Amino acid sequence: KQKTAYEIYQCDWSSDVCSSDLMSLIAILSGVVGLMIASGFQTIDHAQRRKVIAIDGTHAAEMFRRDMSQMKNANSLLYAGSKRIQFKTAANQIIEYQISNGYIYRTISGQGNAHILAKAVDVANSGFQYFDSNNATLISLPLNTGNRNKVWTITLLFEMVNFNETIPFSATVFPKNYHINHDPEV
C-alpha cells in the first residue's frame, strides 16, 4: 500500500528523526529571536549615543555663541583660522576654541587645560567661517589683522558622527559689543 503525503509527513515525535527535526527548528528559532533581541539593544545603544551627541553638540554651539557675544571690539579677534579662533572678551578674558583630533576644545587663558565641549567631531567637515558686513566670506585664513577688523559675523559649523550617521550643528554669531559701537548708519 502506498502512503499519502500526509502519512509520510506525520511522524511519531518520540522517534529520533522527528526529535532531531524539532531540535533543529528550536535552534533556528532561538537564533532568530537572539538576533532580534541583539538588534533591539543595538538600536537602543544608537539612540542613546545620538542623544548624548545632540546634547554635546547643542552645548558646544551655545557656549560658542555666548562667549563670542562678549567680544569687546573688532581688535579683540586675536586669531581667526579655519580650525581655531582666539578672542578677548569685554571682561579681558582670552578665550580660544579649537577643532582637532575629533574634539572641539575651549580654553580660557590662565584657567588651566582645555575643556572638551564635543567629541566624535568630523574635523574634516568642521570649522569656523568669517563674513564681512556685506555677508561676503573672508577666505584668506588665517585672517590677517586688516581682515580680522572686517569681521561682522562668525559661524562655527561642525559635524558629529554617530556610527554611520552624521549630525550637523552650526552657530552664527554677531559679536554683541562690537555691533553696539559699529552698527551701519540707517
Side-chain angles (χ1 to χ4, degrees), residues 46 48-186:
H46 283 252
Q48 287 174 337
R49 183 173 155 112
R50 189 179 203 294
K51 180 180 176 183
V52 168
I53 285 174
I55 290 169
D56 286 352
T58 302
H59 172 71
E62 288 303 315
M63 182 73 72
F64 178 74
R65 278 188 195 102
R66 188 198 72 189
D67 285 345
M68 287 301 304
S69 71
Q70 298 305 309
M71 198 167 85
K72 190 181 203 176
N73 57 39
N75 295 327
S76 297
L77 188 55
L78 306 174
Y79 185 88
S82 63
K83 305 292 182 195
R84 182 170 78 94
I85 185 171
Q86 186 180 55
F87 56 93
K88 186 183 286 190
T89 68
N92 288 322
Q93 287 184 312
I94 296 176
I95 299 177
E96 179 176 291
Y97 280 79
Q98 184 168 358
I99 302 168
S100 67
N101 302 320
Y103 300 102
I104 295 179
Y105 299 97
R106 175 181 180 262
T107 306
I108 299 176
S109 286
Q111 293 190 8
N113 296 331
H115 297 283
I116 296 172
L117 294 180
K119 301 175 185 177
V121 175
D122 181 357
V123 175
N125 293 315
S126 302
F128 300 97
Q129 295 178 335
Y130 308 91
F131 303 90
D132 66 16
S133 60
N134 296 317
N135 207 29
T137 305
L138 300 169
I139 56 172
S140 190
L141 300 177
L143 297 177
N144 61 31
T145 304
N147 281 335
R148 285 196 309 263
N149 289 333
K150 294 178 184 177
V151 171
W152 193 254
T153 60
I154 302 167
T155 299
L156 165 61
L157 297 169
F158 60 102
E159 293 181 352
M160 296 176 72
V161 180
N162 180 30
F163 298 99
N164 294 327
E165 176 187 23
T166 301
I167 306 165
F169 294 90
S170 70
T172 298
V173 181
F174 300 83
K176 179 176 63 178
N177 292 330
Y178 174 73
H179 291 292
I180 291 171
N181 299 317
H182 296 88
D183 282 334
E185 293 183 26
V186 181

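Because the structure is predicted, anything quoted here is derived from the model rather than measured.
- With hydrogens and angles ignored, the 3.5 Å screen pairs no side-chain donor or acceptor of T58 with any backbone N or O of I55.
- When all heavy atoms are compared, the tightest approach of Y130 to R84 is OH-O, 3.7 Å.
- For OH of Y103, the number of neighbouring non-hydrogen atoms (other residues, nucleotides, ligands) closer than 6.0 Å is 12 at most.
- Take N147 and apply the side-chain contact (heavy atoms from CB on, under 4.5 Å) test, not counting sequence neighbours, and it matches L143, N144, K150.
- By the 4.5 Å heavy-atom criterion applied to side chains, V173 and M71 are not counted as neighbours.
- Atom CD1 of I94 sits about 12.0 Å away from atom OG1 of T107, to the nearest 0.5 Å.
- Between the CD atom of E96 and the CD1 atom of I108 there is a distance of 11.5 Å, given to the nearest 0.5 Å.
- D132 places a side-chain N or O within 3.5 Å of a backbone atom of N134 that can act as its donor or acceptor partner.
- Using a 30° and 60° split on the angle between ring planes, Y97 and F87 fall in the parallel class, below 30°.
- Nearest approach of G57 to F158, heavy atoms of both residues: O-CZ, 3.3 Å.
- Taking OG of S109 as the reference point, atom NZ of K88 lies at 10.0 Å (rounded to 0.5 Å).
- Across K83 and V123, no two heavy atoms sit closer than the pair NZ-O, 2.6 Å.
- One distance of note links CD1 of I53 with CE of M160; it measures 5.0 Å at 0.5 Å rounding.
- With T172 as the fixed residue, the side chain to side chain contact (heavy atoms under 4.5 Å, CB included) test singles out one of I154, L157, T155: T155.
- A donor-acceptor distance shorter than 3.5 angstrom exists from the side chain of T89 to the backbone of A91, with no hydrogens or angles considered.
- For the atom pair N162 CG and N164 CG, the distance stands at 9.0 Å (nearest 0.5 Å).
- Closest heavy-atom contact between R49 and A120: NH2-CB, 3.8 Å.
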Point to revise | Full working for side chain to side chain contact (heavy atoms under 4.5 Å, CB included) between L156 and M68 | key: CA-CA 11 Å; L156 165 61; M68 287 301 304; over 6 Å; no

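- For the atom pair I167 CD1 and R50 CZ, the distance stands at 4.0 Å (nearest 0.5 Å).
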Exercise for review: In sequence, state the C-alpha distance, the side-chain angles, and the governing distance for F64 and F169, and then conclude on side chain to side chain contact (heavy atoms under 4.5 Å, CB included).
Suggested key: CA-CA 12 Å; F64 178 74; F169 294 90; over 6 Å; no

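- L78 and R148 get closest at one heavy-atom pair: O-CZ, 3.5 Å.
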All N/O donor-acceptor pairs, side-chain side in residues 110-118, below 3.5 Å, sequence neighbours left out:
none

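- Heavy atoms of other residues, nucleotides or ligands lying less than 6.0 angstrom from CZ of R65 number more than 12.
- Closest heavy-atom contact between P168 and T166: CD-O, 3.7 Å.
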